[in-house]
Asks: 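Here you go, one structure.
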Amino acid sequence: MSLLSRVAERSYWAARYLERAENSARVVSVFGTLMLDLPQEAGFGWPTLVDINGSKELYADLYPTPNSRSPLRFLISDANNPSSIRASLRMVRENIRTTRDIFPSEAWRSVNELYLYSKESLGGGISDRRRHEVMARIVSGCQQLNGMLASNMSHGPAYQFLRIGRNVERADMATRVIDVAASSILQGRDELTPFTNAVWMAVLRSLSAYQMYRQYVRRRIVPGDVIAFVLLDDHFPRAWRYCLKQLETALRRLPRPEDALRAVARLHRQTDELDFAAMDHAGLHEWIDLVQLELGVVHVAVQQTWFPLETPQ
Amino acid sequence: MKVDWKKYDPGPFYDELIREPGKPRQGAGALARHLADLEEGQLTERQADLERVILEMGITFTVYSEGENIDRAWPLDIIPRIIPARQWSRIRAGLEQRLTALNLFVDDLYHDQKILADRVVPREIIESSPNFLEPCRGVSPPFGVWANVCGTDLIRDSDGTVYVLEDNLRVPSGVSYMLENRVVTKQVFPELFANNAIQSIGDYTSDLFDMLASLSPRPLDYPEVVVLTPGIYNSAYFEHAYLAQGMGVELVEGSDLVVRDDDCVYMRTIDGLERVDVIYRRINDTFLDPEVFEPESLLGVPGLMRAWRAGNVALANAPGAGVADDKVVYSFLPQIIRYYLDQAPILPNVPTWLCSDQRDREHVIAHLDELVVKPANESGGYGMLIGPQATKTARREFASLIRKDPRNYIAQPLIALSTVPSLVDGDVEPRHVDLRPFVLQGERMAVTAGGLTRVALRKGSFVVNSSQGGGSKDTWIVGRDR
């Protein structure tokens, strides 16, 4: 079966939003737990998560006078934030609904269930008591869907677009979590210092990386090690470098991948050249800015090579 | 409440399951006993299970209301409708006969028009039909078949006679719901399937694919078949996606297709343009090609008619097939069957008065309180008058509508639709139903075993359309075929 350009595009976005929903749910859950341990003066709170979500400006627009519930509402249920968990799941559903003929039918059923669940449980905000449970269920719903697609769908072109979408989003997430954590600790107040360790553990947990980190880096938590693991590990699926490899593999299975591959190759080079020893926080931040821009170039190349051009009507 | 068939009374109507209070019809005994054996509340519980499954499976239909499109869960009543196999084989023969004749008729209209020359069907009826499409003249679709997929609406009167109410030859919908109704009913009532010889309906999508593939203009092992949808805002989008998925073919929108200078149709894929052989189009005729019909249409594909006329792509159903599902043409079906097949019609029409005929028209206007008046070219139950249930004002309005545009109206007696026991607020009560079987014709013919039963869930109502408060039922053909 041939793959329509329009369908390729919707698969890509379905995977991006699915990954985004899962990441956000994990971040909310992990950092929500962390905050219970931090004193308020530490300056690490829900607004920090808005930074991780990468939507500071939109947040400021939507909540000119924020209250204590605003950041969570914005991240979880706000329909006006296209990256809120609820909006992301709605986009997953819409993209799969409009291409459902190419997905295994149980995938549609599962995405539909997940969406209905999110609509029900996130609709009117969510109590602190139930937050963890709901986030866990959303994470596992996303993973169930990913697993179902991985094992029940042919790994042909449509699947490669899912893979590309997933890894673009994952790679982006890895850099964002590191960026925000590093800046809040390194530029943070003294009150946060005793909790540095806890913050870096949360960074790992928010990427599901804690256990794997412990197994591979067999000593106490050191910020440099955490950053290196999250960015440079070759084997951990949510590590930046691993995502680049996945992108490359997926792209090679599609026709005419040259433009997108060139952009990924540049990212590989920038990653290989990364030298922590010679780098302070500002340098790290600058590097992250740079590779995030380059990741945007990958996205544009994918779009221009395979997605439908505007048809003159 | 526990089901007690002795207290179930369909009144003057023909009930499909219960012959008279306490006595099930042939083939319905096992079901009736099983339902009566359920404990109090169990049936309602199963209905709730069923509704949950429908929601989770995402079986929806789209309604347009208050300025936006809303996906609603598909309404399915848990109690199936049963037709004995022996009765069904006669209906099936009638449906095959009908579609065969209809296709001969359409082919004749777009070629020699012998039936008009022989004055069996009046020429002015065809010439005044908005569905007779001039650009289709002289085209010869494969096997001479114009309507490849037909949904025929059947109803049963109180004396048990099954009538054809209308033939849908343009883009009939509902078959996906027929298939999903079966899947859902099996899930919540598995034990019923173990104890009844219920004919399978699972072959539909592969029959549909085979039929479509048989139309391919290129003799290939793997013709490129696609389903063309107007898009997600169409009320039948669910079905378009369902059928494409079931057949393993691409679901395309107009903007995915392009006709090039070689008059062939291509789709835009990640590999570039790929030729398309067969289009199962679910877009109305006049939106198909802005070069020929509605110039404003964004749903269609410029040049599609050119490609079709050149024989480079097959369209199912063929454009112009709708000329035969005009309700005025319908009234001539018995003569059409005799003319082309030299056979007596197996399934009768509902008696029909044509308002274009002066004597008929006066009769209709004088008897508006007894008749159902329908516009000749509407579907979905819109724009009709059910005389016995209408207000005086509505009847007066219709009288003037008819006088203004007599060609556009027909009238029929109100057929007392048969009933099937249905679960309403925890109780089992009779509700009126119709039946839409689906007939395929390409190289061969295939008829679904049963069809989509639609049920009017409001007490006393005859309106079964899902857009107007109708529900549906799984339909069982029970027993061995002969």
Side-chain angles (χ1 to χ4, degrees), chain A residues 1-12 90 93-117 119-120 141 153-154 156-161 164 250-251 253-257 260 302-313, chain B residues 52-60 62 71 73 176 179-180 183 205 222 224-229 231-234 237-258 266-276 290 295-302:
Chain A
M1 192 168 149
S2 334
L3 183 62
L4 295 169
S5 299
R6 176 176 54 78
V7 174
E9 183 175 19
R10 290 181 191 169
S11 308
Y12 170 83
R90 199 179 71 84
R93 181 178 185 264
E94 274 313 290
N95 278 294
I96 291 191
R97 183 166 92 95
T98 53
T99 49
R100 55 182 289 192
D101 51 308
I102 66 151
F103 291 104
S105 47
E106 62 267 48
W108 162 246
R109 189 169 164 156
S110 151
V111 76
N112 200 45
E113 272 176 40
L114 185 59
Y115 169 73
L116 291 174
Y117 174 77
K119 212 167 107 174
E120 246 169 56
M153 182 175 174
S154 295
Y159 188 78
Q160 302 311 323
F161 282 100
I164 294 170
L251 289 168
R253 296 196 182 167
L254 294 171
R256 296 170 286 111
V302 167
Q303 180 174 311
Q304 287 181 343
T305 311
W306 292 295
F307 298 163
L309 306 169
E310 288 300 314
T311 41
Q313 292 286 8
Chain B
R52 192 176 38 76
V53 171
I54 287 177
L55 205 62
E56 287 177 2
M57 285 175 70
I59 310 175
T60 58
T62 313
D71 260 1
S176 60
L179 297 168
E180 292 283 56
V183 172
T205 44
Y222 301 101
E224 187 61 59
V225 177
V226 301
V227 176
L228 174 60
T229 174
I232 52 164
Y233 299 113
N234 186 272
Y237 180 78
F238 169 85
E239 174 154 309
H240 308 158
Y242 181 94
L243 292 175
Q245 189 175 40
M247 293 191 286
V249 306
E250 288 81 6
L251 177 66
V252 304
E253 296 173 14
S255 60
D256 294 321
L257 298 180
V258 57
Y266 297 86
M267 57 183 173
R268 303 174 209 269
T269 77
I270 57 158
D271 296 296
L273 294 180
E274 271 179 45
R275 171 125 182 232
V276 173
E296 301 294 307
S297 167
L298 299 178
L299 302 176
V301 186

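Every chain is numbered from 1, with letters handed out A, B, ... down the list of sequences. Quick note: numbers below take in every heavy atom, side chains included, and nothing from hydrogens, waters or symmetry partners. These figures come from a predicted structure and were not determined experimentally.
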Asks: Between B:E253 and chain A, which part of the residue has a heavy atom less than 4.5 Å away: side chain, backbone, both or neither?
Replies: both
Asks: Is the shortest heavy-atom distance from the side chain of A:L3 to the side chain of B:T269 under 4.5 Å?
Replies: no
Asks: Flag yes if more than 12 heavy atoms outside B:R275 fall under 6.0 Å of its CZ atom; otherwise flag no.
Replies: yes
Asks: Looking at the rings of A:W306 and A:F161, which for Trp means the six-membered one, are their centres under 6.0 Å apart?
Replies: yes
Asks: Is it the backbone or the side chain of A:E94 that comes under 4.5 Å from a heavy atom of chain B, or both, or neither?
Replies: side chain
Asks: Less than 4.0 Å between a side-chain N and a carboxylate O, is that true for B:E180 and A:R109?
Replies: no
Asks: Check A:R6 with B:D256, please: is the shortest side-chain N to carboxylate O separation under 4.0 Å?
Replies: yes
Asks: For A:L116, is it the side chain, the backbone, both, or neither that has a heavy atom closer than 4.5 Å to a heavy atom of chain B?
Replies: side chain
Asks: Measure distances from B:L55 to the heavy atoms of chain A and classify the residue's part below 4.5 Å as side chain, backbone, both or neither.
Replies: both
Asks: Is B:E274 in contact with chain A via its backbone, its side chain, both, or neither, using a 4.5 Å heavy-atom distance?
Replies: side chain
Asks: Is B:V249 in contact with chain A via its backbone, its side chain, both, or neither, using a 4.5 Å heavy-atom distance?
Replies: backbone
Asks: Quick one: CE on B:M267 to CG on A:L4, what's the gap to the nearest 0.5 Å?
Replies: 5.5 Å
Asks: Where does B:Y237 contact chain A at under 4.5 Å (heavy atoms): side chain, backbone, both or neither?
Replies: side chain
Asks: Of the backbone (N, CA, C, O) and the side chain (C-beta and beyond), which part of A:T99 lies under 4.5 Å from a heavy atom of chain B, both, or neither?
Replies: backbone
